[in-house]
Student: 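The structure that follows is given in the form of structure tokens.
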Amino acid sequence: MSKGRLLHIDRVEVRGPHVLHVEFDDGVEKTVDLSPLLTGPMFEPLRDPQKFAEVKIDPEWKTVVWPSGADIAPEALYDLPSLSDQPGSA
């Protein structure tokens, strides 16, 4: 990611109980496991796969959001390792 530029999310797809496939506006695509981030009062409800699956892209801020009010900045998602980059992945 280039410094000084805001990162946005163009597309998001649920790929598992706590896994998202995210496409960023710089062309990078990642499949990330968010389960380690789902702690605390705002994120704990998203441990329920049905609640997690309600993810959307905020049309103004271009980040992932849930009806509960939880959101995760594109930069935080960008910095997560892609599941395909982790040992033992196919």
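Note that the structure is a prediction, hence the values are computed from the model and not measured.
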Student: How many angstroms lie between CD1 in Ile9 and NZ in Lys56, if you round to the nearest 0.5 Å?
Tutor: 14.0 Å

Student: Can you check whether His8's main-chain N or O pairs, donor with acceptor, with Asp25's side chain at less than 3.5 Å?
Tutor: yes

Student: Compare every heavy atom of Pro36 with every heavy atom of Asp33, then report the nearest pair and how far apart it is.
Tutor: O-CD, 3.6 Å

Student: Once rounded to the nearest 0.5 Å, what's the spacing between atom OG of Ser82 and atom NE2 of His21?
Tutor: 8.0 Å

Student: May I ask you to test the Leu20-Val14 pair for a side-chain heavy-atom distance under 4.5 Å?
Tutor: yes

Student: Atom CD of Glu29 and atom CG of Asp10: how far apart are they, to the nearest 0.5 Å?
Tutor: 10.0 Å

Student: Below 4.5 Å, heavy atoms only, C-beta onward: do Trp61 and Asp71 meet side chain to side chain?
Tutor: no

Student: Would you check if the side chain of His18 reaches a backbone N or O of Arg47 as a donor-acceptor pair within less than 3.5 Å?
Tutor: yes

Student: Are the side chains of Leu77 and Val64 in contact, using a 4.5 Å heavy-atom criterion?
Tutor: yes

Student: What about the rings of Phe52 and Trp66, do their centers lie closer together than 6.0 Å?
Tutor: yes

Student: Should Arg11 and Glu13 count as an ion pair when the cut-off is N to O under 4.0 Å?
Tutor: yes

Student: Counting distance only, does the side-chain N/O of Lys30 pair as donor-acceptor with the main-chain N or O of Glu23 below 3.5 Å?
Tutor: no

Student: If I take atom CG from residue Leu80 and atom CG from residue Leu34, how far apart are they, to the nearest 0.5 angstrom?
Tutor: 6.5 Å

Student: Thr31 side chain to Leu83 main-chain N or O, any donor-acceptor pair under 3.5 Å?
Tutor: no

Student: To the nearest 0.5 angstrom, please state how far the CG atom of Leu46 sits from the CD atom of Glu54.
Tutor: 8.5 Å

Student: Indicate if Val22 and Val65 have the same hydrophobic cluster label, given that clusters are the connected sets of ILVMFWY residues with side-chain heavy-atom separations under 4.5 angstrom.
Tutor: no

Student: Nearest heavy-atom pair of Lys62 and Pro74: which atoms, and what distance?
Tutor: O-CG, 3.7 Å

Student: Going from CZ on Phe43 to NZ on Lys51, what distance comes out if it is rounded to the nearest 0.5 angstrom?
Tutor: 15.5 Å

